[in-house]
Structures are given as structure tokens and as C-alpha cells.
Colleague: 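Take this structure, written in C-alpha cells, and hold onto it; I'll ask about it next.
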Amino acid sequence: MAEYNRVSECVGLITLRNPPVNALSAAVRQGIVDTVQRALSDPNVKSVVICGQNGIFCGGADIKEFGSNMTGPPLIPMIHAIESANKPVVAAIEGSALGGGLELALGCHYRIAHSKARLGLPEVSLGLLPAAGGSQRLPRLIGVPAALNLITTGRHVTAAEALQLGIVDQVTDHNTVAAAVKFALSVAGRSLDPRRISTHPCPQQPDLDALFEEVMQKVRQSARGAIAPIACVQAVRAAATLPYAQGMERERELMATLFTSGQARALQYCFFAERAVGRWRMPSGARWDTSKPRPVHKAAVIGLGTMGRGITVALAQTGLSVIAVETQEKQLMEAKQAISGMLERGAKRRGVAPALDGVIYSQNIQAVADVDLVIEAVFEDIALKTKVFQQLSAVCKPGTLLCTNTSALDVDQLASETPNPELVVGMHFFAPAHVMKLLEVVYGPRSSPQAVATAMQLGKKMGKASVAVGNCRGFVGNRMLKPYIEEAFFLLEEGATPELVDQALEEFGFPMGVFRMSDLSGLDVGWRVRKGDGLVEPGTASGRSARIRQGRRYSPLGDLLCEEGHFGQKTGRGWYQYDKPGSRVARFDPWLHSFLGAYRAQHGLVARRIDHQEVLERCLYALINEGFHILDDGIAAGPEDIDVIYVSGYGWPRHRGGPMFYANMVGLAKVLERLEHYQQLHPEVPHLQPSSLLRRLVASGSPPIHKWGEAIKKLHSQL
Ligand SMILES: CC/C=C/CC(=O)SCCNC(=O)CCNC(=O)[C@H](O)C(C)(C)COP(=O)(O)OP(=O)(O)OC[C@H]1O[C@@H](n2cnc3c(N)ncnc32)[C@H](O)[C@@H]1OP(=O)(O)O
């Protein structure tokens, strides 16, 4: 797991070998301890180089080991042994040096990085802090403000930035190991005292208290209840104010709390879940590893409204050539200007040239004749989309993949309008499409595995968390959102306020509560859908019967606001009021509160006191319950798919792992018991009726989440 060689006669070369990322497993740590010892005791060796095999230095501690009893040599003494060595040790950093990997490099006396390498201490994103001395050495090396930034955000820096910050001593475009060996030869025999970072004082910082106060405030605000960022600030503060040994003790104490926390488990689950969704499978048995994607060199986007523009930008930024089609000349010109602006701003942020030439604009659908893949993003209207699909089928070369960007329409129905339904998939982007991380790739019963593989690969290229899901109303994300929103409406009828509901959800960790979110996205969106479903009834009917529609409880509150022209931020009025249309600061709306009072009176509803717990249980358990239905129906292949969708597209707090992970943490029996409780109180609300899968999982002993897949398979085979 760590190989030892003597090179250039007097350099001991230690190579970490643990594919794919040379994580510091017990065996690797043991290998490092042994090989360092060997190099230091060999009188022919004057200096040492540590590198990683296959172009990657080290991806950090082995995250898979965290859940089990950790064995093997611990990291801290291993790194101390390197730092206190009497021969220079040089880290040759290619690929990544992350977490424990960078901490190992900080224990070395010198660091040489390849220009394409990335370095960072991302422990915070796993609910941890850099507790192998990273929180104590980095501030000593680069100063408190820069170390705080890196450690609290977990961001990866390029080799160029690492050089500028002083993390690395040299950057090379050539063979890093060769450069490190040459460097190691050149420094052999030099005094190592100034190179031992742990012996440095932290660089002086004026007004340290004010700095930590400011950073702590910022971190608390953005952490939304996550504890690791706060512990990171406390650990860096220890580095800035205490001698090294005491700082290390503080680092250890803080890590002890984090290491066993539910948040760390949730965040580490998210890390693996995001990778697991790439290994998609369909109910037909088709899978990621047996389905070859088609190459996509040229793509087209049809319809350049908000979604089409964002999709065009996302595609162009991957280096694809894109034909952007909009039939109306004025809209085409406006879109061209907007897309160019987005590409320019994005390129400036990333320090690259804008891909302006990658986009060709056309008013004519014939222009897409030779593309490999089309994403249709016209208005959400099945008749219009059908017409576009029929035109595309006639125009495109054989084999072109036809994708529809829809959030609600039936992908199967569209597919059935084309001669080649196997080439049709849904690509549900989230606005703004060039920014939002989530992409639902929606397959129907006739979508070919190759079409799914191609859309999934394209999503990955665009940097999206791409999740393959089956076709159903609302797919996964919006289908689960429906009962969540409906519960929030019912809570208002029963006595809650938008402020109370939003506060409960925001304290839970959502960036916005359901009502602030609804004001942002526009109340008219849901109104249009409910109208289409025949649920909206004009008139002033009152009483319970007016709130039962299509045989189930219905709240017309959202419809009534829309009838008043209150569409949310864009009209300046919604569940809150705003200074002017388009303004974002939500304020208490006295009108809304008297409207709610009048509504309750009209319907004979008596407001009662509702607490945060009830808000969370009713909104979140209703959403989770729908997640179980989705698993049972085979629309999502596993709980990870649902959780990645919610964390990357719906603001579910990452440190709570996603709705299904949260249910697992709360306990399935408890979720079931609370659903049964609320269902008894509200028998006319079908979404509170516990899913049969939830019941069956509880009956089978509530297996842990990583065993649900197996349990579901077994339960299905028993049906
Ligand atoms: C004692 C406590 C000490 C804690 C200190 C720490 O070091 S905590 C760990 C800190 N390190 C990280 O957070 C890095 C995590 N890894 C990454 O960011 C990326 O994997 C990468 C290193 C930048 C490589 O990215 P790339 O896109 O090339 O590959 P994948 O992300 O798909 O990963 C490939 C497979 O490797 C697995 N993996 C990656 N890192 C680790 C790790 N540190 N431990 C265990 N396994 C790791 C990853 O899960 C992938 O596995 P698959 O089975 O192929 O899905």
C-alpha cells in the first residue's frame, strides 16, 4: 500500500498505492510508517519524496473506514514522525491532495505541485474538521484569514493559488515526481528547523477577536444549523491563540464531538450517495455499466425562454457546439444577448475564454438536421411539445436523441408521438439551468438504455448531479413536493401563519420556507397546474364541503390569492408583501393575516396553536411518505436517488442527508407512528396514509438505509 524505492542513488521514494484516490486506509498508513522508517534508517538516503500512484497524491482519509472501528497507525503521530525527520521530506503533489492528504503534505518539509493539481481541506463538507494537525498547521503556514477561508468552506484551490498562498513551494508543468526528486537532492543537508510548520508561530493578525467574531457570524448564518463549520472556526482560533500542543488538544476535542455526530454521518452518506446515483439502473435491468452512451459532439436547444437559455449556456460551457433555435426573431435576438452575457460572466468567474463561438443561433428548426442530441425547452404545453417533437422527428438525422425539458408533462406520451420512442428521454433541468446542480433524467418504458446513458453522461459533463428516474406525474422531486406544500396550506387553515411555517422549516435548515419559496417561484405556477387538474372552482362556497375536491381535502388558499393578483415577488404581494414588484425582502403582510382570519371564519375553522414540531412532522413526513411510494413504485431505484434530488435541487439541508436518510435517522417506526397519528386526525388527506412500503419495512425490523434496496427486493418478491 506504500511502495519504497531508492532513486537517484540517495532519494527514498515512497509511493502511495491505493486506487482510485490513494486514500489513507489502515494499510496505507502502515505502509507510510514502515517506509518512512526505512528511508530514515538507510544511511545512503539523504532525502525522501512522497508521491501517489496514477497521477493522484492522496484523496485523504479513507471515508469508508469512518463507520467502523478504526485500526492501524493513527494519522497524527505518523505526520509528526515525518515532520520531525532529520532528512528533508518532499511531497510530490499530482491530481489531488485533499483532507488527510494535504495534512500529510503539510507534515512534509517541502511541497512541489503539478500545475493541474488541486489542494484543499474539505473535511467540513463531511461534517468534520482537519484534525490531523491541518487546523493547526495551515494557519501557521498561510495566516489566519486565508486558513479560515479554506477550512470553513472546504474549497479546493488550484496549484497556482496554492503557490500564491504559500501552501506549496514550487509548481511544475512537467513530471512532478522528477521535479520533487531534483528538489529533494538540492535541499539535502539543509537545516530543517524553519521547515517544520508546527514550530512556527501563527502570523500576527491585528484585531484577532474582531476577525473571529465576524467570521463566526458569517459561518453561523450560512451553516443553517451545520455544526462542523463552527467547530472549524473554533479550531483555527485555537491555532491563533494557543501553543501548538494545546491547539492540537483543542482540535482533538472538537473532532471527537463531530466524528460521531449524526451530521457527519449524513454528510458522508451524501458523499457516497452522489457517486452511487451515477451507477443507475432501470426496472428493465438495464444498467450504467452495460449501457454505452452515444458520443455527443453537437447538440441543439429548441425554445430560448429562461430554461432554454440556461440549458444553452450549460451545454456551451462543456465545449459542445450548440444550435440554439427560437422561431420569433425578436426573442431570438434577446436570447442571443442574454446567453452571450451569461457565457461572458461565467467565463470571467472561471478565468477562461467565453464559448461565444460555440453557439449558432437560428430561427429555423431545419438547422438541427445534423445534431446528435436535441433538448426541447418550449413552453409547458403538451400540444406544442408534441408538434415540436413531430417536426424534430422529420428533420433530425436518424438516431438523434430527442430530450424534453419538462417538469410536469408525460414523457411517454411525447415519446409515443415520435417514430422512435426509444430515442426519447426527459431532461428535467432546474432554473437557472446553468447554475442549478440537479438534473432528473426521466426514462419511460420505451426509452433505450443507450438514450438514458447518453443523457446521464451529458448531465455529468455539465457538472450536474444527474439522477435517472422513472416517468410519473412530477417525477421524483415535484411529486414529493406536492404533499409537502398541501400540508403547509392545511396548517394555515388550522391556525398557522406563513411566518411560523417558514421559520420552522428554515430552522430545520431549508434556505427558504415553503411560503417564501412559493413567493419566489410564483404562486401562479401551481394555480395553472391546479386549474388544469380541474381543482380550481370560482365562487364563495363555504364550509367543509367547499374544501373537499375530487374526494379529498383541498385548500383553495393559493387560488384565492391568485384571484387577487397576488403572485408572489413578481407582483410585490404573495404570502408576504414586498416593497415593490421584483423586490426580494419578504415582510409581514397585515392584509394576508386578516384574509386568513376571514377565510377561517367563512369556513367555520377555529384557529388553534400550532408548534414547530407539528409543522415539521406534517410537512416533512408527508413528503417522506411520498418518497416511500416512489421507491415502492420503482420510480427511483434507491433512497440515494431521492436524497440526491432533494439535497441538490430542493434545498434539503445537506447535513440532514436528504429526506429518506432523515427518516432512517428519526427511525422508521417513529415516522410511521406520527403518520398514523395525523392520518387519524385528518382521514380525508390521503397523503398522510402511511405507504405500504414504510409499513413493511417497519414490520421487517426497520433495516438501516443501506439495506433498504435488499429489503425492497425481498418484499417485492414476496408480493
Ligand atoms: C480520521 C479522520 C480524518 C479525516 C480527514 C480526511 O481526510 S476526511 C477525507 C477528506 N477527503 C475528501 O473529502 C476527498 C473526497 N474525494 C473527492 O473529493 C474526490 O473523490 C476526488 C479525490 C477529488 C476524486 O474525484 P473524482 O471525480 O476523480 O472521483 P470520484 O469522486 O468519483 O471518486 C472515485 C472513487 O473513489 C472514492 N473515494 C474518493 N475519495 C475517497 C476517500 N477519501 N475515501 C474513500 N473513498 C474515496 C469514491 O467514493 C469513488 O468510489 P466509487 O466506488 O467509484 O464510487
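Note that ligands are numbered from 1 as they come in the structure, with each ligand's atoms numbered from 1 the same way.
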Colleague: Taking the side chain as everything from C-beta on, heavy atoms only, tell me whether Met462 gets closer than 4.5 Å to Phe429.
Modeller: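 SC-SC contact between Met462 and Phe429 confirmed.
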
Colleague: Strictly under 6.0 Å, is that where the ring centroids of Tyr650 and Phe510 end up?
Modeller: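 Ring centroids of Tyr650 and Phe510 are no less than 6.0 Å from each other.
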
Colleague: With sequence neighbours excluded, give me every ring-ring contact (aromatic ring centres under 6.0 Å, His included) pair touching residues 225-267.
Modeller: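 Passing the test, one end in residues 225-267: Phe66-Phe259, His80-Tyr244.
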
Colleague: Pairs under 3.5 angstrom, nitrogen or oxygen on both sides, ligand 1 versus protein: list them out, please.
Modeller:
{"from": "ligand 1", "atom 1": "7 (O)", "to": "Ala61", "atom 2": "N", "distance (Å)": "2.8"}
{"from": "ligand 1", "atom 1": "7 (O)", "to": "Gly100", "atom 2": "N", "distance (Å)": "2.7"}
{"from": "ligand 1", "atom 1": "11 (N)", "to": "Gly59", "atom 2": "O", "distance (Å)": "2.9"}
{"from": "ligand 1", "atom 1": "31 (O)", "to": "Arg275", "atom 2": "NE", "distance (Å)": "2.7"}
{"from": "ligand 1", "atom 1": "31 (O)", "to": "Arg275", "atom 2": "NH2", "distance (Å)": "3.1"}
{"from": "ligand 1", "atom 1": "43 (N)", "to": "Gly59", "atom 2": "O", "distance (Å)": "3.2"}
{"from": "ligand 1", "atom 1": "43 (N)", "to": "Ala61", "atom 2": "O", "distance (Å)": "2.8"}
{"from": "ligand 1", "atom 1": "44 (N)", "to": "Ala61", "atom 2": "O", "distance (Å)": "3.4"}
{"from": "ligand 1", "atom 1": "44 (N)", "to": "Ile63", "atom 2": "N", "distance (Å)": "2.9"}
{"from": "ligand 1", "atom 1": "55 (O)", "to": "Arg279", "atom 2": "NH1", "distance (Å)": "2.8"}

Colleague: Do Glu94 and Ile56 have side chains that approach each other closer than 4.5 Å (heavy atoms only, starting at C-beta)?
Modeller: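 Answer no - side chains too far apart.
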
Colleague: Does the side chain of Asn149 pick up a donor-acceptor pair with the side chain of Arg155 at under 3.5 Å?
Modeller: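 The criterion, which ignores hydrogens and geometry beyond distance, is satisfied for Arg155 and Asn149.
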
Colleague: Determine, for Glu83 against Arg195, whether the closest basic-nitrogen to carboxylate-oxygen distance falls under 4.0 angstrom.
Modeller: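 No.
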
